[in-house]
Amino acid sequence: MPKNPALELSRRERQIMDAIYRAGRATAVDVAAALPNPPGNSATRAMLAILVRKGLLKIEKDGPRFVYLPTRPGREAGRSAIRRVVETFFAGSLTSAVAALLDADENNLSPAEIARLKALIEKPAKEAAKK
């Protein structure tokens, strides 16, 4: 899968996106308050402007304030992030990634969670059998 350089984010840009996804929408002041070792006001605004140029954020005017919102739904962005983790840390193996998650889960899965996972695993086989 070719990488889009506009979507390659620095650590700080990822932190900003995480803060905005958690809040749903945020001003520059809100974003800075949510960051570890926050940069100054102008640096925060400059990074927000970069994320707007990359197409990851949009701006709404709320009176005198600018409010930043993600351009992609959280679920879509989350799936994209998971794909990157699977590629980076598990050599593209979804099986290895899921196994690692299940091994790391110290709170055993409930019967309902197990049933849901089984259904998700069996779904492609059932759909293939219908064809």
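Linking Ile, Leu, Val, Met, Phe, Trp and Tyr whenever their side-chain heavy atoms come within less than 4.5 Å puts L117 and I114 in one cluster. V98 is connected to L109 through a chain of hydrophobic side-chain contacts under 4.5 Å among Ile, Leu, Val, Met, Phe, Trp and Tyr, so both are in one cluster. Residues I50 and V67 do not share a hydrophobic cluster, clusters being chains of Ile/Leu/Val/Met/Phe/Trp/Tyr side chains in contact below 4.5 Å.
Once rounded to the nearest 0.5 Å, the distance linking OH of Y21 with CZ of R75 reads 13.5 Å. The CZ atom of R116 sits 15.0 Å away from the NZ atom of K118 when rounded to the nearest 0.5 Å. Here CE of M17 is found 13.5 Å from CE of M47. Values are rounded to the nearest 0.5 Å. To the nearest 0.5 Å, the span separating CG on D103 from OG on S96 amounts to 10.5 Å. In this structure, CD1 in I16 is found 9.5 Å from CG in L9, a value given to the nearest 0.5 Å. The line from CD of Q15 to CZ of R12 is 5.0 Å long, rounded to the nearest 0.5 Å.
Although no hydrogens or angles enter the test, the distance criterion places a donor-acceptor pair under 3.5 Å between the side chain of D30 and the main chain of T27. Remark: side-chain polar atoms of E122 are not paired, donor with acceptor, to backbone N or O of A119 under 3.5 angstrom.
Within the 4.5 Å cutoff, the side chain of K58 has no heavy atoms near those of the V52 side chain.
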N/O donor-acceptor pairs under 3.5 Å from side chains in residues 31-46, not counting sequence neighbours:
residue: N41; atom: OD1; partner: R45; partner atom: NE; Å: 3.2
residue: T44; atom: OG1; partner: G40; partner atom: O; Å: 3.0

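When L56, I20, I59 are each tested for a side-chain contact (heavy atoms from CB on, under 4.5 Å) with L48, only one passes: I20.
The side chain to side chain donor-acceptor pair (under 3.5 Å) analysis of residues 60-70, with sequence neighbours excluded, yields the pairs R25-E60, D62-R65.
What you find for A97 and V86 is that their closest heavy atoms are CB-CG2, 3.7 Å.
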